[in-house]
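Note sheet for the following structure.
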Amino acid sequence: MPPPRRFHYFHSAGIRFAATYAGLLAVSGAALAMFLWWATAGLLDRQTEAAIATDALGLSERWADGGLRSLVSAIGDRLAGNVDDDAVYLLADSSYAQVTGNLDRWPPSMRQSGQFYELQVVRGGMRSLARVQAYDLPQGYHLLIGRDVVVRSQLRQLLTDALLWAMVIVCGLAWIGAFVVRDMFRRTLASVSDTAQAIAAGDLTQRVRLTGRGDEFDQLAEVINDMLDRIGRLMEGVRQVSNAIAHDLRTPIARARTRLEDASLHAESPADLHAAIERATADLDGIVAVFQALLRIAEIEAGSRRAAFARVDLSPPLAGVAELYEAVAEARGVTLETNLPDRAPIFGDAALVQQAVANLVDNAVKFSPDGGTATLSVRVRPSGIEIEVTDRGQGIPADERQKATQRFYRGEAARHTPGSGLGLALVQAVAQLHGGTLRLEDAAPGLRAVLNLPQSAGVVTI
Amino acid sequence: MFRQIHRTQTMTILLCLLALAGRCALAQDQPSEVTTDSAAYCTKLYDRVQQLRQAAPAPPSREAMDLTAEGQHMCDEGLARGGVMRLRRALHILLHADDGP
């Protein structure tokens with residue numbers, strides 16, 4: 001078991017999730033604030049710059065029409081008509097000395113033409129702020145045009161403060177929301193984690209709790225619970241098979257041991273000893289046969305035999321089965337009737353199908369009463385081959401038929417007949433390997449086993 | 001005090017960055033005086049209004065006369081900025097008297 005990892009904040013998915021949430025919220029808030037600033041305070045700036053540009057265009061036309069005198073007159077007119085009391089003009093000569101305008105002097109740092117400046121001014125003894133733009137005119141003259149923006153500046157300041165505070169609030173909410181998201185994440189994962197820990201500790205009955213909201217977490221919990229259910233069923237199956245193996249093999253092993261022990265203690269002659277060894281060997285051969293059957297079923301279920309599939313005719317192998325079991329049936333006083341077609345083509349493994357049918361016929365002969373009749377009939381249909389084996393014995397009760405194909409399952413009627421309980425399990429495995437089905441039905445009386453094999457086996461996952 | 005200065009500088013930097021970088025500059029000069037808020041300009045503007053009134057073919061409106069009187073009175077009382085604003089409004093009315101309502 002690896003040593004427990006030290007908790008680190010950057011290794012916490014919950015914290016990463018929460019940080020992502022907080023980051024996205026903060027970025028969204030910042031983007032919104034930037035847009036609001038651009039749409040309000042930025043708009044005021046753009047309006048001021050547009051007014052200055054328009055003013056500059058008008059004055060340049062006056063300069064072009066009448067030169068310096070016309071420009072001086074125009075500036076005087078504009079100052080006189082400036083009802084809003086926000087205009088700033090300064091016309092200066094080449095040495096930046098005032099020619100006309102309402103500024104007492106040219107600011108020394110504002111001599112670059114076309115550049116916008118924020119200019120501190122004094123109006124009636126009160127400090128104010130103007131936004132101005134400098135222009136170079138012909139003959140060395142310079143013009144400064146501007147607007148008093150102190151009110152706009154104050155409004156812009158208010159907007160900026162409000163947006164900055166809004167950003168602080170958004171960051172605070174993002175921080176709180178991040179904790180909420182982290183806790184939600186942890187609570188959801190805690191349920192999965194608790195369940196996994198309980199299962200790791202051996203309690204397979206634990207399941208992930210559902211919130212009932214039907215959201216993605218509930219869907220995940222349902223998938224995990226389904227997975228756990230399937231694991232539980234598989235483990236139960238393994239447990240049953242293990243128990244069955246232990247139970248079914250204990251008796252012949254114990255019998256073989258007893259015989260050998262008895263022979264070693266009580267055998268009076270080498271012949272008695274040899275006979276006891278032979279009987280024990282027969283018991284052990286039976287055990288080996290059970291293991292071979294189990295391995296064969298496992299091999300079939302693994303699907304490795306599918307690589308050997310080919311287009312085959314089942315008539316000859318099935319005729320061989322009939323011929324073999326006719327003699328066996330006759331020895332038991334049972335009549336085996338067969339109805340086989342001339343050709344029964346399928347795509348599959350003829351040897352496996354032959355063994356499966358042999359198992360069915362063996363069961364039918366074994367469970368048929370003395371003087372009874374067992375039948376083996378094969379029908380060729382467009383969809384595939386239907387192999388039907390019927391006996392007139394006690395049959396299998398309806399509630400046991402589902403279990404009859406499980407490994408080592410033996411019904412009440414089969415308790416006292418020889419067998420390992422693996423025959424129908426092998427037939428079922430062969431049917432599934434070929435993409436077919438095994439159906440057990442009541443033959444009233446007796447049992448009818450119907451093995452359907454398609455013409456071409458599909459891909460089947462067992 | 002320091003906090004106020006620091007805050008102002010921060011805000012200025014932020015505004016400069018946002019208002020199209022490079023197009024904004026804050027002057028570090030001594031503040032310039034706006035001369036149109038002075039009593040001298042008030043007198044100059046009053047003379048201009050009077051010239052316009054005399055040159056007008058029709059008598060000025062009552063509002064223009066009242067604004068002129070108020071402006072002159074405020075300028076005499078040392079309230080140059082308020083007086084200039086009223087004289088400008090009076091001038092505006094006189095200049096646009098022919099425009100009609």
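In what follows, every chain begins at residue 1, and chains take the letters A, B, ... in the order their sequences are listed. Everything numeric here is computed off the predicted structure, so don't read it as measured data.
If you measure heavy-atom distances from A:R127 to chain B, the contacts under 4.5 Å come from the side chain alone. Residue A:N82 touches chain B through both its backbone and its side chain, counting heavy-atom pairs closer than 4.5 Å.
Separation of atoms CG (B:D37) and CG (A:D85) is listed at 5.5 Å; rounding is to 0.5 Å. A distance of 13.0 Å separates OG1 in B:T35 from OH in A:Y89, rounded to the nearest 0.5 Å. Atom-to-atom distance recorded for B:Q30:CD and A:R105:CZ is 6.5 Å, nearest 0.5 angstrom. Atom-to-atom distance recorded for A:R123:CZ and B:S38:OG is 11.0 Å, nearest 0.5 angstrom.
Side-chain atoms of A:V121 and B:P31, non-hydrogen and from C-beta on, never get closer than 4.5 Å to each other. By the 4.5 Å heavy-atom criterion applied to side chains, B:V34 and A:V122 are not counted as neighbours.
Remark: the backbone N or O of A:L79 is paired with a side-chain donor or acceptor of B:R88 at under 3.5 angstrom. The closest donor-acceptor contact from the side chain of A:D104 to the backbone of B:E33 lies under 3.5 Å.
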Intermediate values then yes/no, side-chain contact (heavy atoms from CB on, under 4.5 Å), B:R81 and A:M126 = CA-CA 11 Å; B:R81 195 169 181 185; A:M126 301 284 287; 5.6 Å; no

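Chosen from B:R86, B:M85, B:R89, the residue pairing most often with chain A at heavy-atom distances under 4.5 Å is B:M85.
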